[in-house]
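It should be emphasised that the depicted structure is a prediction, and the values quoted were computed from it without experimental measurement. When a residue number appears, it is its place in the shown sequence, counting from 1.
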Amino acid sequence: MAANSVEIDNVEESKVHVFSSSSELLEKLHEKWSSIEKQPYPAMYSSVYGGIILDPAMMVIPIDDHMVHRGHGVFDTAIILDGYIYELDGHLDRFLLSASRAKIESPFPKSTLQSIIIQLAAASNCKKGTLRYWLTAGPGDFLLTPSKGSKSAFYAIVIDEDFSQCKHGVKVITSTIPMKVPLFATSKNVNYLPNVLSKLEAEEKGAFASIWVDDDGFVAEGPNVNVGFVTRDKELILPFFDKILSGCTAKRLLELAPKLVENGQLKSVKVGNITVEDAKQADEMMYIGSTLPVLPIIEWDDKPIGDGKVGELTMALSDLVWDDMVAGPETHRLKVPYV
């Protein structure tokens, strides 16, 4: 036997099947999906295909797409609630800004992207779920950078999933995973390995998720959410967005929160730096994200926040955003024209 050869104990068990035709492969894929009781992905759009796909077996991305093998892609998310898409305009603005920073030119203008997403939601017949969409450098080769003449790609998918207003409190830890540098943290790109490791670290320690702290000792963000605090002086404060992702839900919360100032529940609302020491002395703490929309945090690094219970002001802020999602102005909610 040659020095570099590999001995296989059971040749038959190790033999790899070769699909003789596309129809055989498609049959195998349909077999896989037929065993799933509820289809989680009712519709997908692909600019590579040039249309909307309803067959889950065909909801695929080319292996030579630069997002797949180089991470050269950006994405964003919006929610569908009661047949409306929430904050799509703001999400698309951030989406295209991220694409510009990643040097990816969209194959469509913003208005066309919005039209595709609305038509996709309508074709899915999903009344409650999430929309995820990607812009990539596109398929064509396995080089480090896209070859000349290659075209960028746009993909989008509807995920049929249930979510509700979060009213329970969670525990968090300070992440030991290094946070992204501002160039990458402020863009919603697909390079989420630090985010994944940060969340896994928290789960391994019995916490829900983690908190990143920047090199200057200021609170930054969670692995895929923003974070906010209500101080002992009843001031709502969110960290500056200069080193972290500018959350669409967080920005909307900042627009809505002054209502609590008007009725005397909050003293003020602001964006600013907050040290870990000051943050841990806050009365209330929360995660802020699309499907939460506000999640109370009651313990950080094994120490209670405030009295260790879900805060009244956190829930009041949560109610503001949830009500806006359910019945807010149509400038923030697009009705899906289901057939």
Side-chain angles (χ1 to χ4, degrees), residues 41 43-48 52 59 61 65-68 71-81 84-122 124 126 128-138 152-161 163 180 182-196 199 221-226 241 243-255 287-293 321 324-325 331-334 336:
Y41 315 126
M44 173 187 174
Y45 173 84
S46 168
S47 65
V48 174
I52 294 171
M59 295 179 184
I61 294 176
D65 190 301
H66 279 249
M67 177 175 71
V68 176
H72 194 178
V74 300
F75 79 103
D76 219 300
T77 306
I79 69 165
I80 305 172
L81 183 59
Y84 286 83
I85 304 175
Y86 185 64
E87 284 291 298
L88 180 59
D89 189 62
H91 281 282
L92 283 177
D93 284 340
R94 183 176 66 180
F95 183 54
L96 291 172
L97 177 61
S98 295
S100 174
R101 289 172 175 169
K103 299 187 183 298
I104 299 172
E105 185 175 348
S106 174
F108 309 112
K110 178 184 173 182
S111 59
T112 302
L113 293 174
Q114 178 173 293
S115 176
I116 290 171
I117 289 171
I118 292 171
Q119 291 178 68
L120 175 67
S124 75
C126 178
K128 188 177 186 181
T130 56
L131 279 158
R132 290 182 182 268
Y133 36 96
W134 299 261
L135 273 173
T136 83
S152 57
F154 176 63
Y155 308 103
I157 196 164
V158 175
I159 305 171
D160 186 353
E161 60 179 327
F163 55 88
K180 299 174 185 176
L183 174 64
F184 300 128
T186 56
S187 300
K188 203 168 176 70
N189 56 73
V190 299
N191 300 297
Y192 256 47
L193 185 57
N195 310 64
V196 171
K199 183 80 159 76
E221 61 183 340
N224 62 342
V225 283
N226 290 104
F241 297 122
K243 298 179 182 178
I244 60 174
L245 190 67
S246 177
C248 293
T249 306
K251 289 169 66 177
R252 184 59 178 154
L253 175 65
L254 289 169
E255 294 172 354
Y287 276 141
I288 307 159
S290 293
T291 59
L292 301 175
V321 183
D324 193 59
M325 291 163 59
T331 50
H332 294 270
R333 297 163 66 240
L334 281 173
V336 178

Exercise: identify the closest heavy-atom pair between [X] and [Y]:
X: Val321; Y: Pro293; answer: CG1-CB, 3.6 Å
X: Lys199; Y: Pro223; answer: CD-CG, 4.2 Å
X: Leu96; Y: Ser106; answer: CD2-CB, 4.0 Å
X: Cys126; Y: Lys128; answer: SG-O, 3.1 Å
X: Val74; Y: Ala102; answer: CG1-CB, 3.9 Å
X: Leu135; Y: Ala99; answer: CD1-CB, 3.8 Å

Trace of the side chain to side chain contact (heavy atoms under 4.5 Å, CB included) decision for Leu88 with Leu131: CA-CA 10 Å; Leu88 180 59; Leu131 279 158; 5.6 Å; no

Kindly say whether [Y] contributes a backbone atom to a donor-acceptor pair with the side chain of [X] at under 3.5 angstrom?
X: His66; Y: Ser152; value: no
X: Asn189; Y: Ser98; value: no
X: Arg252; Y: Asp324; value: no
X: Ser124; Y: Ala121; value: yes
X: Lys180; Y: Asn191; value: yes
X: Asn226; Y: Glu221; value: no

Could you measure the distance from the [atom1] atom of [X] to the [atom2] atom of [Y]? Nearest 0.5 Å is fine.
X: Ser46; Y: Ile52; atom1: OG; atom2: CD1; value: 11.0 Å
X: Phe75; Y: His91; atom1: CZ; atom2: NE2; value: 11.0 Å
X: Ile61; Y: Met67; atom1: CD1; atom2: CE; value: 4.0 Å
X: Thr77; Y: Ile157; atom1: OG1; atom2: CD1; value: 12.0 Å
X: Cys248; Y: Ile288; atom1: SG; atom2: CD1; value: 12.5 Å
X: Met325; Y: Arg333; atom1: CE; atom2: CZ; value: 10.0 Å

Write out all pairs satisfying salt bridge (Lys or Arg N to Asp or Glu O under 4.0 Å) with one or both partners inside residues 85-96, taking only residues at least two apart or from two chains.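 Counting only pairs at least two positions apart or across chains, the salt bridge (Lys or Arg N to Asp or Glu O under 4.0 Å) contacts touching residues 85-96 are Asp76-Arg94, Asp89-Lys110, Asp93-Lys110.
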
Look at the rings of Tyr133 and Phe154 and say which category their plane angle falls in: under 30° parallel, 30 to 60° tilted, over 60° perpendicular. tilted

Taking only residues two or more places apart in sequence or in another chain, which ones pass side-chain contact (heavy atoms from CB on, under 4.5 Å) with Thr291?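 By the side-chain contact (heavy atoms from CB on, under 4.5 Å) rule, Thr291 matches Ile79, Thr130, Phe163.
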
Stepwise side chain to side chain contact (heavy atoms under 4.5 Å, CB included) check, Phe241 with Thr186: CA-CA 8 Å; Phe241 297 122; Thr186 56; over 6 Å; no

Under the side chain to side chain contact (heavy atoms under 4.5 Å, CB included) rule, what do Asp65 and Tyr155 come out as? Steps first, then yes or no, please. CA-CA 11 Å; Asp65 190 301; Tyr155 308 103; 2.6 Å; yes

Between Leu120 and Tyr45, is a side chain to side chain contact (heavy atoms under 4.5 Å, CB included) present by the stated rule, with each step listed? CA-CA 7 Å; Leu120 175 67; Tyr45 173 84; 4.3 Å; yes

Could you pull out all residues at least two apart from Glu105 that satisfy salt bridge (Lys or Arg N to Asp or Glu O under 4.0 Å)?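 Applying salt bridge (Lys or Arg N to Asp or Glu O under 4.0 Å) to Glu105 gives none.
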
Within 6.0 angstrom of Arg101 CZ, more than 12 heavy atoms from elsewhere: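 It does: Arg101 CZ has more than 12 such atoms within range.
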
Side-chain touch Ser47/Phe108, heavy atoms, less than 4.5 angstrom: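 The answer is yes; the side chains approach within 4.5 Å.
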
Side chains of Val336 and Tyr84: does their closest heavy-atom pair fall under 4.5 Å? no

